[in-house]
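Remember, it's a predicted structure, so these values are computed and weren't measured experimentally. Here, residue 1 is the first one in the sequence, and each next residue gets the next number.
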Amino acid sequence: MRVGIDGRALQGRRAGVARYVYELCRALDTALPEAVFFVYSQSAVTLPTASERWISRVDPLGHLVKNVAWLKFRCGALCRHDDLEVFWGTGTLLPRLPKRVRTVSTVHDLNHKLVPDTMPIVTLCAHRLFFSADVRRADNVVAVSHGTSDRLRHLIGRPADVVVPPSVDECFAPASTQAVRECRLRYGIAQPFLLAVATLEPRKNIAMLIDVFISMRATGDLPRGIELVLVGGTGWKDSAVARRIQAGQAHGVRTLGFVPDEDLPALYTASEAFVLPSRYEGFGIPVLEARACGTRVLTSDIPELREAGGADATYCEPTPEGLRNGLRTVLSSPRPQTVRVRVGWQDAAEQFASVLRDGSSIRSRLVL
């Protein structure tokens with residue numbers, strides 16, 4: 001079996017979609033032992049495993065063409081040399097391929113429909129131009145949540161054939177006292193803190209979180225001396241967040257930037273609560289990670305984040321007043337006594353492998 005993969009998510013650091021794609025690829029190596037995987041990209045990628053069955057195809061002209069334009073006008077030409085049976089569109093959109101190549105499209109979110117103002121203009125235009133058509137022409141559509149599948153049905157007219165939700169790596173578990181102590185020393189965190197893990201871009205609502213935090217800290221509505229620790233790389237349209245961070249440094253706001261995976265469990269465990277007040281998410285992997293570490297979670301009350309947070313999380317409207325009430329509630333709630341998150345990506349990989357093997361039968365069963 002010869003599987004082509006849009007490898008753009010495997011370039012650079014892993015967060016969100018990139019984490020989903022990387023971890024699923026890593027588990028697919030075991031779930032599809034008969035497959036050879038061809039990973040197409042504009043620049044060097046981090047392959048999920050060192051194996052002769054994983055072949056990197058880096059476009060020597062990839063640096064000349066940007067992102068979606070590369071996928072549409074360069075990637076398909078590379079694929080034609082490898083006699084593919086199936087191609088996985090890891091970022092929903094698909095290249096031009098011979099009709100004999102079966103296509104699987106993974107839909108992570110519908111940002112361009114629901115929160116278009118949070119997107120870079122070029123990315124927004126590309127999704128408006130190609131997203132709906134590529135979803136409709138894919139042989140199989142996979143969503144990362146039931147909420148995303150429902151939105152596909154209502155907004156595009158085609159639900160997902162299969163829902164393959166994210167999992168978490170085995171490293172995400174309550175950290176030991178020693179690990180927490182070492183992590184605090186490493187990052188210089190001495191005070192109690194709230195934790196947010198998110199790319200600094202408008203959809204994540206971090207600017208609002210900072211404003212509410214500073215306001216509540218000033219009025220004594222938060223525990224004395226508590227800090228707000230922000231983890232995540234810079235994104236796009238982030239000037240407003242940058243200004244809030246700079247202004248908040250005198251009021252207990254700290255940013256750690258990108259943090260490696262091995263440090264995240266201790267940060268989750270050490271925090272008083274994890275907060276993700278996003279305007280919209282297709283799922284919300286950090287919510288799942290925080291739960292796996294036994295952390296109190298406050299997040300926005302939307303269907304997709306309820307799938308990630310389950311009964312363990314506290315939910316609020318992603319507004320200043322909703323966030324204030326949510327923070328009061330979550331900080332007065334007990335920490336979860338039992339971790340109720342299944343760790344490991346193998347189940348998700350087995351489910352996805354069945355789509356790659358024989359997606360046509362899955363589609364026909366749904367139609368019947």
Side-chain angles (χ1 to χ4, degrees), residues 13-27 30 48 108 144-147 163-184 186-187 189 192-199 204 229-232 256 258-278 281-315 326 330-331 333-352:
R13 291 171 169 172
R14 292 189 293 275
V17 171
R19 183 184 297 277
Y20 179 93
V21 173
Y22 178 83
E23 295 293 351
L24 200 53
C25 283
R26 195 156 64 104
T30 301
H108 301 273
V144 299
S145 65
H146 293 282
V163 173
V164 180
S167 298
V168 293
D169 190 80
E170 289 84 350
C171 74
F172 289 97
S176 67
T177 302
Q178 179 65 22
V180 167
R181 184 182 301 115
E182 291 174 355
C183 188
R184 280 183 172 276
R186 187 176 304 120
Y187 291 103
I189 303 172
F193 66 96
L194 300 174
L195 178 67
V197 178
T199 301
K204 304 296 184 178
V229 174
L230 306 176
V231 168
L256 305 184
F258 182 84
V259 167
D261 285 357
E262 55 266 28
D263 287 346
L264 284 174
L267 285 171
Y268 283 126
T269 302
S271 68
E272 297 300 308
F274 168 76
V275 187
L276 183 68
S278 292
E281 293 285 336
F283 183 80
I285 291 177
V287 170
L288 207 60
E289 293 173 348
R291 284 179 60 202
C293 295
T295 306
R296 291 181 289 195
V297 172
L298 174 63
T299 192
S300 302
D301 192 2
I302 63 172
E304 294 85 347
L305 284 169
R306 280 191 172 270
E307 288 183 53
D312 298 322
T314 298
Y315 298 94
V330 75
L331 289 173
S333 302
R335 287 180 177 265
Q337 295 300 305
T338 305
V339 175
R340 295 180 288 186
V341 175
R342 178 181 293 176
V343 299
W345 287 79
Q346 208 55 50
D347 287 345
E350 294 290 347
Q351 189 180 13
F352 190 66

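- Contact of the V259 side chain with the Y187 side chain is registered, since non-hydrogen atoms from C-beta on lie closer than 4.5 Å.
- Here the closest non-hydrogen pair linking C171 and P265 is O-CG, 3.2 Å.
- Atom-to-atom distance recorded for L298:CG and E272:CD is 14.0 Å, nearest 0.5 angstrom.
- In terms of heavy-atom proximity, P336 sits nearest to G294 at CD-O, 3.7 Å.
- When each of V297, V343, V168 is checked for a side-chain contact (heavy atoms from CB on, under 4.5 Å) with E289, only V168 meets the rule.
- Residues F274 and P286 come closest through the heavy atom pair CZ-CB, 3.6 Å.
- L194 has its side chain within reach of L331: a pair of non-hydrogen atoms, C-beta onward, lies under 4.5 Å apart.
- Going from atom CZ of R306 over to atom NE2 of H146 covers 16.0 Å, rounded to the nearest 0.5 Å.
- Between the side chain of T295 and the backbone N or O of Y268, at least one donor-acceptor pair lies under 3.5 Å.
- Residue V180 comes nearest to A270 through the heavy atom pair CG1-CB, 3.6 Å, listed as atom of the first residue, atom of the second, then distance.
- Taking every heavy atom of both residues into account, A175 and A266 meet most closely at CB-CA, 3.7 Å.
- Panel note: side chain R26, backbone P48; no donor-acceptor pair is recorded below 3.5 Å.
- Considering CZ of F172 and OG1 of T269, their distance stands at 10.5 Å, rounded to 0.5 Å.
- For R291 (side chain) and A308 (main-chain N/O), a donor-acceptor pair under 3.5 Å exists by modelled atom type.
- Between the side chain of T299 and the backbone N or O of L276 there is at least one donor-acceptor pair closer than 3.5 Å.
- A donor-acceptor pair is defined here as one N or O able to donate and one able to accept, closer than 3.5 Å; such a pair exists between the side chain of R184 and the backbone of I189.
- Between L256 and L267 the shortest side-chain heavy-atom distance falls below 4.5 Å.
- With values rounded to the nearest 0.5 angstrom, R19 atom CZ is found 6.5 Å from I285 atom CD1.
- Rounding to the nearest 0.5 Å places OG of S167 at 9.5 Å from CD of E23.
- Using a 4.5 Å cut-off on side-chain heavy atoms (C-beta onward), F283 and E307 make contact.
- Going from atom CD of E182 over to atom OG1 of T177 covers 11.0 Å, rounded to the nearest 0.5 Å.
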Verdict with supporting geometry, V330 and V275, side-chain contact (heavy atoms from CB on, under 4.5 Å): CA-CA 10 Å; V330 75; V275 187; 5.8 Å; no
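- Using modelled atom types, one side-chain atom of S300 and one backbone atom of S278 make a donor-acceptor pair closer than 3.5 Å.
- Counting heavy atoms from C-beta outward, W345 and T30 have side chains that stay 4.5 Å or more apart.
- Listed for the S145 side chain is a donor-acceptor partner under 3.5 Å among the backbone atoms of G282.
- Here the closest non-hydrogen pair linking R296 and S333 is NH1-O, 2.6 Å.
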